[in-house]
Amino acid sequence: MLDRLALLVIGECVADIVRLPGAADRTHPGGSPANVAYGLARLGRDTTLLTQLGPDAAGQLIREHLTSAGVRVRTDGADAPTPAAAVALDDAGGATYSFDITWTLAPAAAGGPHSHVHTGSIATAVEPGAGTVLEAVERLRPVATVSYDPNVRPDLMGDHARAVRRAEQCVALSDVVKASDEDLRWLYPDRAPEEAAEQWLRSGPAAVFLTRGAGGAMAFLPGAVVSTAAARVRVADTVGAGDAFMSGALHALAAHGLLGEQGRGRLRSLDAGTLGDVLRHAVASASVTVSRAGALPPDEKELAVALTSAPAPKW
């Protein structure tokens with residue numbers, strides 16, 4: 001373990017049923033928060049996932065997957081079936097999703113204390129579990145930094161205006177936010193993603209990351225914008241790319257001493273050069289994941305290799 005910083009991820013696990021043209025279905029462990037927890041653990045971080053897993057084959061598959069990387073899995077003890085998503089991949093590796101989701105997370109003990117809390121995706125959008133997640137974040141925020149990724153799934157977001165209000169509520173509670181350009185175009189169809197990211201920055205976070213697929217990524221600070229190109233790799237598929245970006249970013253923020261109650265002040269005075277290093281780690285992490293099938297983020301050695309060819313950030 002790299003240090004004693006304890007990270008808590010709150011959110012869903014999903015059994016991803018991957019469908020390729022002309023091939024049999026394959027089931028992979030997934031779910032955005034679960035992928036982030038798995039990525040953090042593979043990078044040597046002390047990670048707990050508070051989630052909901054059913055007493056079924058998919059739940060057992062996901063639990064074994066997570067614990068194999070060192071994630072401590074905590075559940076609410078409910079018997080709801082493990083959420084599932086059908087992931088259809090096109091010939092270019094692009095992913096589209098359909099869902100069979102029940103998210104009823106009840107209040108549960110996650111151990112601790114935890115220095116940082118990450119959440120987002122379905123966990124913050126689908127009731128009644130979303131209310132439980134928000135209450136947990138509000139309770140933990142005084143003693144932990146918070147990160148959020150909306151990871152928008154339009155089929156599950158419900159009423160658009162309500163979804164925007166909930167996303168903005170989560171952003172206002174967060175120290176670090178990551179969103180894709182697709183997320184922000186869905187939430188704010190009348191604004192450029194960069195404009196929406198800067199609006200979010202003004203509502204409270206110390207930094208906002210914007211991913212743009214093949215167009216690279218950007219990071220926003222008050223008074224500064226850092227950008228980088230995408231890493232040049234052969235893409236197998238894009239499943240879990242954004243989650244690997246998030247785990248890579250959190251790993252780098254932790255390495256710089258910018259997470260936790262003691263790190264919050266330093267995070268709030270973050271400079272562009274340090275943010276550029278965090279962005280470089282995030283992009284390198286995502287590049288490893290897209291180079292192979294499924295949501296398989298890098299371990300420490302693989303990330304170190306990817307960093308040797310990661311594009312230099314600009315600001």
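In what follows, every heavy atom counts, from backbone to side chain, and hydrogens, waters and symmetry copies are set aside. Numbers here are sequence positions counted from 1.
- Summarising the geometry, atom CD belonging to Glu194 is positioned 6.0 Å from atom CZ belonging to Arg212; distances are rounded to the nearest 0.5 Å.
- A salt bridge is defined here as a Lys NZ or Arg NE, NH1 or NH2 lying under 4.0 Å from an Asp or Glu carboxylate O, and Lys178 with Asp149 meets this definition.
- Each of Val73, Ile62, Leu49 was checked for a side-chain contact (heavy atoms from CB on, under 4.5 Å) with Thr67, and the lone residue meeting it is Val73.
- Comment: Arg26 does not engage Asp16 in a salt bridge, judged by the lack of any side-chain N to carboxylate O separation of less than 4.0 angstrom.
- Leu279 is listed as a side-chain neighbour of Phe245, based on a closest heavy-atom distance under 4.5 Å.
- A single hydrophobic cluster is seen to contain both Leu50 and Val126, as judged by linkage of ILVMFWY side chains at heavy-atom distances under 4.5 Å, directly or through other members.
- Judged by distance alone, the side chain of Arg280 and the main-chain N or O of Pro313 form no donor-acceptor pair under 3.5 Å.
- In this structure, Arg153 CZ and Ile101 CD1 are separated by 10.0 Å, a value rounded to the nearest 0.5 Å.
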>> Leu258 vs Leu270, test: side chain to side chain contact (heavy atoms under 4.5 Å, CB included). Steps then yes/no.
In response: CA-CA 8 Å; Leu258 300 172; Leu270 182 62; 3.5 Å; yes

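- Under the 4.5 Å side-chain criterion, counting only non-hydrogen atoms from C-beta, Thr211 is not in contact with Asp181.
- In terms of the side chain to side chain contact (heavy atoms under 4.5 Å, CB included) criterion, residue partners of Ala179 (sequence neighbours excluded) are, by chain and number, Pro150, Asp183, Leu184, Trp200.
- Looking at Cys13 and Gln52, their side chains never come closer than 4.5 Å, going by heavy atoms from C-beta outward.
- Classification of Glu302 and Arg42 as a salt-bridged pair holds, one side-chain N sitting under 4.0 Å from a carboxylate O.
- For His65 and Tyr38, the ring centers sit closer than 6.0 Å to each other.
- Side-chain N or O atoms of Thr119 include none that pairs as donor or acceptor with a backbone N or O of Gly11 at under 3.5 Å.
- One finds the OG atom of Ser121 at 4.0 Å from the CD atom of Glu12 (value rounded to the nearest 0.5 Å).
- No more than 12 heavy atoms of other residues, nucleotides or ligands lie within 6.0 Å of CD in Glu182, so this atom counts as exposed by the packing criterion.
- Residues Tyr148 and Val137 form no side-chain contact, since every pair of their non-hydrogen atoms from C-beta on lies 4.5 Å or further apart.
- Remark: the Thr48 side chain and the His114 side chain contain no N/O donor-acceptor pair separated by less than 3.5 Å.
- Using a 4.5 Å cut-off on side-chain heavy atoms (C-beta onward), Cys170 and Leu134 make contact.
- Using a 3.5 Å distance cut-off with no hydrogens or angles, the side chains of Thr274 and His256 do not pair a donor with an acceptor.
- Of the possible polar contacts, one joining the Ser247 side chain to the Ala244 backbone as a donor-acceptor pair under 3.5 Å is found.
- The hydrophobic clustering, which links ILVMFWY residues whose side-chain heavy atoms are closer than 4.5 Å, places Leu210 and Trp186 together.
- Rounding to the nearest 0.5 angstrom, the gap separating the CE atom in Met246 from the CG atom in Asn151 is 11.5 Å.
- Using a cut-off of 4.0 Å between Lys/Arg side-chain N and Asp/Glu carboxylate O, Glu300 and Arg45 are scored as not salt-bridged.
- Here the side chains of His118 and Leu250 are in contact, with some heavy-atom distance below 4.5 Å.
- In this structure, CG in Leu105 is found 8.0 Å from CD1 in Ile10, a value given to the nearest 0.5 Å.
- At distances below 3.5 Å, at least one donor-acceptor pair connects side-chain atoms of His116 with backbone N or O atoms of Thr145.
- In the hydrophobic clustering of this structure, Val225 groups with Leu201; members are Ile, Leu, Val, Met, Phe, Trp, Tyr whose side-chain heavy atoms approach within less than 4.5 Å, directly or through other members.
- Between atom OG of residue Ser287 and atom CG of residue Leu303 there is a gap of 8.5 Å, rounded to the nearest 0.5 Å.
- Checked by atom type and distance alone, the side chain of Glu127 pairs as donor or acceptor with a backbone atom of Gly131 at under 3.5 Å.
- Between Ser291 and Thr289 the shortest side-chain heavy-atom distance does not fall below 4.5 Å.
- Sorted by first and then second residue, the salt bridge (Lys or Arg N to Asp or Glu O under 4.0 Å) pairs involving residues 243-264 (not counting sequence neighbours) are Asp175-Arg264.
- Considering only heavy atoms from C-beta on, Pro205 comes within 4.5 Å of Val171 through its side chain.
- Remark: the Ser32 side chain and the Asn35 side chain contain no N/O donor-acceptor pair separated by less than 3.5 Å.
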